[in-house]
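What you see is a predicted model, and the numbers here were worked out from it, not measured in a lab. Protein chains get the first letters and strands the later ones, always in sequence-line order, with residue 1 at the start of each.
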2 protein chains.
Amino acid sequence: MKCDYEKYALIFKALSDETRLKIVSMLSDKELCACKILEAFNITQPTLSYHMKLLVDTNLVNAVKNGSWVNYSINEESKEELLMFLSQLLKAKCTCEKRRD
Amino acid sequence: MKCDYEKYALIFKALSDETRLKIVSMLSDKELCACKILEAFNITQPTLSYHMKLLVDTNLVNAVKNGSWVNYSINEESKEELLMFLSQLLKAKCTCEKRRD
DNA sequence: AAATCATATAGACAACTGTCTATATGTCAT
DNA sequence: ATGACATATAGACAGTTGTCTATATGATTT
């Protein structure tokens, strides 16, 4: 097992805020631009920008610029890695398939 | 899906510190008393006590007093719940068996 | 009951976090 | 080029975090 505690501590820190947890949940359903995410919360645009930067910095979320819009989505590889890490951290009886797409 | 974001944000906060992540990893191997955990880190006893209280408060870690010792262990139910939550949050193709013991 | 040992609590403090307002940057339409 | 729009950055600030030292609590041993 790769025991990169520092890296995963940062990812869990990114998930340790209720707003960011909800954002990740929204992105798991589908790719969204910042303005769509903003509509779902009672925060200002700069605050959302702060949260998105934090999520993107952990690499759990992708940001792709499209004109003046930014489309955010879940990074599938990071997602699988995170699930693997947590399963192994907890020595869970858990099997996670690698996605093919 | 149970969408208890506030609860899980707190659990991820507990896992967002490298020391606590390592403690959880140690406890996944076996139950340990505070003094044994302390040996593995360069922190003072009150600092460890602070971290353990934080972990126990999330219910991810059990604390059982045995005389003046306290034995810490992973709470199996919380562990499974956490893995389920993360899998479902990320819409993972992941199957986690419920343990029978 | 006194001494020792394991753990918890209190208080202090520097560093970090999440939020805001104000402003900047970059893109698109006119 | 100008105006409008989407997003990012800067700076401020109150609240939280992780650490320490000092001390308290509670259990065990002598």
When you get a sec, tell me which of [options] is the closest nucleotide to the side chain of [X]?
X       : options               : answer
A/Cys35 : D/dT7, D/dT9, C/dT7   : D/dT7
A/Lys13 : D/dA8, C/dT17, D/dT19 : C/dT17
B/Ile43 : D/dA8, D/dC20, D/dG18 : D/dC20

[X] side chain near [N] phosphate (N/O to OP1/OP2, under 4.0 Å):
X       : N      : result
B/Thr44 : D/dC20 : yes
B/His51 : D/dT19 : yes
A/Ser49 : D/dA8  : yes
B/Ser68 : D/dA27 : no

Hey, what's the ring geometry for B/Phe12 with B/Phe85, parallel, tilted or perpendicular (30° and 60° as the breaks)? tilted
Would A/Lys7 and A/Glu81 pass as an ion pair if we require N to O under 4.0 Å? yes
Just call it for [X]: base, sugar-phosphate, or nothing, with non-hydrogen atoms closer than 4.0 Å on any strand.
X       : answer
B/Lys36 : nothing
B/Phe41 : nothing
B/Leu38 : nothing

Looking just at side-chain N and O atoms, do A/Thr47 and A/Thr44 make a donor-acceptor pair shorter than 3.5 Å? yes
Working note: B/Tyr72 + B/Glu31, criterion side chain to side chain contact (heavy atoms under 4.5 Å, CB included); need CA distance, chi angles, decisive distance, verdict. CA-CA 6 Å; B/Tyr72 293 102; B/Glu31 177 174 306; over 6 Å; no
Quick one: on DNA chain D, does B/Thr19 or A/Ala34 contact a more 5' nucleotide (nearest heavy atom)? A/Ala34
